[in-house]
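Inspection log for the structure reproduced underneath, given as structure tokens.
As a basis for the values below, the full set of heavy atoms in this structure was taken, side chains included, without hydrogen atoms, waters or symmetry mates. Model, not experiment: these values are computed from the prediction.
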Amino acid sequence: MAYEARYVLRPNPGADLAAVIDAMKVGAALWKKHGAPQPRLWTVAAGELGNYVLTVEFDNAAAYAKVTDPLSADPEFRQWQAGNLRAGAFTWVRSNLLRELPLA
């Protein structure tokens with residue numbers, strides 16, 4: 001049963017979009033450092049225009065926990081989070097953890 005973590009963000013008015021993208025690249029690299037297979041950054045094309053979504057997919061809950069537990073404890077990840085707050089370039093809109101339900 002697959003799991004997907006989604007983090008929705010919106011650049012703040014006047015923010016440097018390149019800096020926002022760079023921050024997401026650093027965040028994705030931190031996820032990968034702890035074993036996330038392929039973090040992806042999406043731009044919303046319909047609906048909540050202007051939002052971006054960082055997604056990270058996992059095979060199951062155990063794979064998710066294997067990555068997120070050490071990521072959450074990583075001082076570099078905490079510094080990245082704090083730096084984003086200080087920079088004020090974007091606002092987190094929401095975070096979701098999705099669990100796939102088999103249809104067959």
For the atom pair CZ (R10) and CG (N51), what is the distance rounded to the nearest 0.5 Å? 4.0 Å

Look up atom NZ in K32 and atom CD in Q38, then write down how far apart they are to the nearest 0.5 Å. 7.0 Å

Are V26 and L71 linked, directly or through other ILVMFWY residues, by side chains that come within less than 4.5 angstrom of each other? yes

For A36 and V67, which heavy atoms make the closest approach, and how far apart are they? N-CG2, 3.7 Å

One pair to check against side-chain contact (heavy atoms from CB on, under 4.5 Å): F77 and H34. What are the steps and the verdict? CA-CA 10 Å; F77 183 69; H34 291 285; 5.9 Å; no

Are W31 and T68 close enough, and set up right, to give a side-chain contact (heavy atoms from CB on, under 4.5 Å), and what steps lead you there? CA-CA 8 Å; W31 276 91; T68 57; 3.7 Å; yes

Looking at V8 and W92, what are the two nearest heavy atoms and their distance? O-CE3, 3.4 Å

Near K25 NZ, under 6.0 Å, is it more than 12 heavy atoms from other residues, nucleotides or ligands? no

Honestly curious: do V53 and V93 fall in one hydrophobic cluster under the side-chain, below-4.5 Å linking rule? yes

Kindly say whether L98 contributes a backbone atom to a donor-acceptor pair with the side chain of N96 at under 3.5 angstrom? no

May I ask whether Y7 and L9 are part of the same hydrophobic cluster, defined by side-chain heavy atoms of I, L, V, M, F, W, Y residues being less than 4.5 angstrom apart, directly or through others? yes

Could you check E57 against R40 for salt bridge (charged side-chain N to carboxylate O under 4.0 Å, His left out), going step by step and ending with a plain yes or no? CA-CA 9 Å; E57 298 175 13; R40 294 180 176 148; 3.5 Å; yes

Note: A15 and A89 closest approach over all heavy atoms is CB-O, 3.1 Å

Within a 6.0 Å radius of atom CG on D22, are there more than 12 heavy atoms belonging to other residues, nucleotides or ligands? yes

List the atom of L49, the atom of A46, and the distance in Å for their closest heavy-atom pair. CD2-N, 3.7 Å

With rounding to the nearest 0.5 Å, note down the distance linking CZ in F90 to CG in L85. 8.0 Å

In sequence, state the C-alpha distance, the side-chain angles, and the governing distance for Y64 and F58, and then conclude on ring-ring contact (aromatic ring centres under 6.0 Å, His included). CA-CA 6 Å; Y64 171 74; F58 301 91; 5.4 Å; yes

Shortest non-hydrogen contact from P11 toward G50: CD-O, 3.3 Å

dist E100:CD -> N60:CG (nearest 0.5 Å) comes out at 11.5 Å

Could you grab the distance from atom CG of L30 to atom CZ of R78, nearest 0.5 Å is fine? 12.5 Å

May I ask whether V44 and W42 are part of the same hydrophobic cluster, defined by side-chain heavy atoms of I, L, V, M, F, W, Y residues being less than 4.5 angstrom apart, directly or through others? yes

Atom CE in M24, atom CG in L54: separation rounded to 0.5 Å? 6.5 Å

For the residue pair N12 and T91, what are the closest heavy atoms and their distance? OD1-OG1, 2.7 Å

Verify the cluster assignment for V20 and W80: are they in a single hydrophobic cluster under the rule of side-chain heavy atoms below 4.5 Å apart? yes

